[in-house]
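Here is the structure we will look at, set down as structure tokens.
The sequence lines fix the lettering, A, B, ..., with proteins before strands; numbering per chain opens at 1.
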Amino acid sequence: MEIISGSCRFGLWFVRVWWSGNLVWNVTFSHQPLGGPAPPEVVKFLAGHSTDLSPLRSAAATPGSPYSHIYREVLSIPYGSTATYGEIARRAGSSPRMAGLAMKRNPTPLLIPCHRVVSQNGIGGFTPDVEIKKMLIDLEQKRKSYN
DNA sequence: TAAACTGTCCCGC
DNA sequence: GCGGGACAGTTTA
């Protein structure tokens, strides 16, 4: 299947997505847009019009990928909620340090909602910019409070 | 407040 | 191929 690359705006950033059908291979954040469409589910999610990215599948969450057991726990965090690195690690039978590393290496942020994983006494980190993480958490909590 | 712990990746040899 | 260091955190003393 042909892989499509596209982007859509999110605040001061562009979310760049490489995808084919309902399978997403890669998501990155950049100040430079990418010519092409992003998946409609992602566009709606970033606009706050949708809370559900489940029609899309992340290539990184498929069993056998290095951190799939950690990503599975991250995927179970509901929209508008957060969990700590320690909680995720405990549920996945791993260590907090590993949970942080798995989030850093996450090739598909948004789909695997690593922005919902925060540190015990702070927001934790985010690549390339923790500002994006704050915006995503803020978006979800505002959208959630409408319901 | 500092140090130990954790598991994987990456780079240099 | 192997060893050491880095890394988006937590816990304990």
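Rounded to whole angstrom, the span from the CD atom of A/Gln120 across to the P atom of C/dT12 amounts to 10 Å. For A/Tyr71 and B/dT8, the OH to P distance is 12 Å, given to the nearest whole Å. Taking atom CD of A/Glu73 as the reference point, atom P of C/dG9 lies 19 Å away to the nearest angstrom. The distance between atom OH of A/Tyr67 and atom C1' of B/dC9, rounded to the nearest whole Å, is 6 Å. Here the C1' atom of nucleotide C/dT12 and the CG atom of A/Asn121 are 15 Å apart, to the nearest Å. In this structure, CE of A/Met103 is placed 16 Å from P of B/dG7, rounded to the nearest angstrom. Going from atom CE of A/Met98 over to atom P of C/dT11 covers 17 Å, rounded to whole Å.
Looking at A/Leu23, A/Leu34, A/Ile4, A/Thr108 one by one, the single match for side-chain contact (heavy atoms from CB on, under 4.5 Å) with A/Trp18 turns out to be A/Leu34. Of the candidates A/Ile112, A/Leu101, A/Asn106, A/Val74, A/Leu101 is the only one forming a side-chain contact (heavy atoms from CB on, under 4.5 Å) with A/Tyr67.
Nucleotides of DNA chain B nearest to A/Arg105 and A/Arg97 differ in position, and the one nearer the 5' end is that of A/Arg97. With DNA chain C read from its 5' end, the first of the two nearest nucleotides for A/Thr84 and A/Leu101 is the one closest to A/Leu101.
Distances shorter than 4.0 Å separate some side-chain N or O of A/Ser119 from OP1 or OP2 on C/dT10.
Pairing of B/dA4, defined by two Watson-Crick or G-U wobble distances under 3.5 Å, is identified with C/dT10.
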For A/Val24 and A/Val17: C-alpha separation, side-chain torsions, deciding distance, then whether side-chain contact (heavy atoms from CB on, under 4.5 Å) applies. CA-CA 7 Å; A/Val24 178; A/Val17 188; 3.8 Å; yes
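Under a 4.0 Å N-O distance rule, the pair A/Lys134/A/Asp138 does not qualify as a salt bridge.
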